[in-house]
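Quantities reported herein were computed from a predicted structural model and do not represent experimental measurements.
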Amino acid sequence: VHRLLSDIIESHDLSFFYEVQKDSIKGKNGTEFAFKGLKNNVSGLKSLEGFDIAWVEEAENVSDRSWEVLIPTIRKKGSEIWVTFNPRFPDDPTYQRMVANSNDEDFLVKKVSWEDNPFFPETLKKEKDRLKNTDFVAYKHIWEGEFDERFDGTVYARFVDNARKENRICNVPHKSGVPVITAWDLGKSDSTAIWFAQIVGFEVRIIDYYENSGHDLAHYAEYVRSKPYEYSMHFLPHDSKHDRLGSKGSIESQLNSMNLKTKSLNAIRVSSKIELARQLLHECYIDNSNCKDGLHCLMNYRYEWDDVRGRCKDTPLHDWSSDGADAFGYLAQAINEGAGKLNKRRRKVSVRPIPRGSWLAV
């Protein structure tokens, strides 16, 4: 969007009026376009309260939590929020909030496609027709805005979809008297994600999820303690027990000093962690309200695409969905290694540890 507006300003000889900066475009009459990300800049959105219009592009990736921050921020009288997106799944937070439950008179919803574009070029028309003839399911999603039914390249989407069909994504209440375990994926520039689970008899019940960014460890420790749960253990990535430069000891020791009982998991291969997570998705129950942003991550977590070979790589893509998906993998690993008192009849998956002296892709 920044590049498009900059090109239009240049092509219309308006550079004398608009000053194009890295994160904004300012006009001499006081108008301003500001460009901000939603994923890791939620706290920074509060500076937008004086804006007339917030346009959220590619909004299929926006979490419910980000909407909860943005919507009340755009509160100037007469202000509007414009949302453009191509929905991937019916449960995407943006689709649920802006389309499925948009009966309020303040909402205007319109489905548009290539047919509504008066400037649609002939080159794209040929590409559209080619895809329509070769992959009609892909065509319906890319060009007609239908839901993506392919799950191509996704790591967990089919498994989450199957859990939903089996009614295992539902209301999963916290059971008092049963300890809760958590699994963390810790990020500094990225988000920190935490899954909360209970093991009740033969069942793994995932009752809560939290993700945030731009905060120190004390924030997450306080959030965990604020929940009405009794904890048995908080599981961390394998490198959490290592001291870090500029920090007061390891992540593990810092959380322990905040009265959280922690354990760093063993280092295993990414492929092993994915296999464990898929097994967990075959059997667990997940709360559809408290965990909706975590489920959104799991549905959108995908393998990286290899342009040279024309197929997916064996390694997942690191993007906005990675933090929640990685934390779920750590939860699955913790359960496989004996967290809680899961019935012994559950199959224990054999995983390959990282050999000494080798590199670990994270």
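Annotation: Asp314, atom CG; neighbour count of heavy atoms from other residues, nucleotides and ligands within 6.0 Å does not exceed 12. Residue Gln21 places its CD atom among more than 12 non-hydrogen atoms of other residues, nucleotides or ligands, all under 6.0 Å distant. For Lys132, the NZ atom is loosely surrounded, since the number of other residues' heavy atoms within 6.0 Å does not exceed 12.
Here the OG atom belonging to Ser24 is positioned 5.0 Å from the CD atom belonging to Glu32, to the nearest 0.5 angstrom. Considering CG of Leu255 and CG of Leu186, their distance stands at 7.0 Å, rounded to 0.5 Å.
Panel note: side chain Ser11, backbone Asp7; a donor-acceptor pair is recorded below 3.5 Å. No donor-acceptor pair under 3.5 Å is formed between the side chain of Asn162 and the backbone N or O of Arg158.
Checked for salt-bridge contact, Arg130 and Glu127 meet the test: a charged N lies under 4.0 Å from a carboxylate O. The existence of a salt bridge linking Glu146 and Lys111 is confirmed by a sub-4.0 Å separation between a basic side-chain nitrogen and an acidic carboxylate oxygen. In summary, Arg65 and Asp293 do not engage in a salt bridge, as defined by a charged side-chain N under 4.0 Å from a carboxylate O. Salt-bridge annotation for Glu222 and Arg225: present, with a side-chain N of the basic residue lying under 4.0 Å from a carboxylate O of the acidic one.
Hydrophobic clustering places Val83 together with Phe107 (ILVMFWY residues linked when any side-chain heavy atoms are closer than 4.5 Å, directly or through intermediates). Under the 4.5 Å side-chain contact rule for hydrophobic residues, Leu317 and Val270 do not share a cluster. Note on Val112 and Ile142: separate hydrophobic clusters, where clusters join Ile, Leu, Val, Met, Phe, Trp and Tyr whose side-chain heavy atoms are under 4.5 Å apart, directly or indirectly. One hydrophobic cluster, built from ILVMFWY side chains closer than 4.5 Å, cannot hold both Phe35 and Leu70; they sit in different ones.
In the model, Thr94 has a side-chain atom that pairs as donor or acceptor with a side-chain atom of Trp67 under 3.5 Å. For the residue pair His238 and Ser264, no side-chain donor N or O sits within less than 3.5 Å of a side-chain acceptor on the partner. Under 3.5 Å, the side chains of Trp55 and Thr84 contain a donor-acceptor pair of N or O atoms.
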*Please report the C-alpha distance between Lys313 and Glu304 in whole Å, then the side-chain angles of each, then the deciding distance to 0.1 Å, and finally whether the salt bridge (charged side-chain N to carboxylate O under 4.0 Å, His left out) criterion is met.*
CA-CA 5 Å; Lys313 298 180 180 180; Glu304 190 174 355; 3.5 Å; yes

*Show your reasoning for whether side-chain contact (heavy atoms from CB on, under 4.5 Å) applies to Asp91 and Arg164.*
CA-CA 10 Å; Asp91 300 314; Arg164 196 176 297 279; 2.7 Å; yes

*I would like to know whether Asn266 and Glu337 meet side-chain contact (heavy atoms from CB on, under 4.5 Å); could you show each step before the answer?*
CA-CA 9 Å; Asn266 296 321; Glu337 293 179 2; 3.8 Å; yes

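In this structure, Tyr301 and Tyr156 have parallel ring planes: the angle between them is below the 30° cut-off, well short of the 60° mark. Under the 30°/60° scheme for interplanar angles, the aromatic rings of Tyr210 and His219 are found to be tilted. Taking the six-membered ring for Trp and thresholds of 30 and 60 degrees, Trp114 and Phe120 have ring planes inclined between 30 and 60 degrees apart.
Remark: Lys273 qualifies as a cation-pi partner of Tyr330 under the 6.0 Å distance and 45° angle criteria applied to the six-membered ring.
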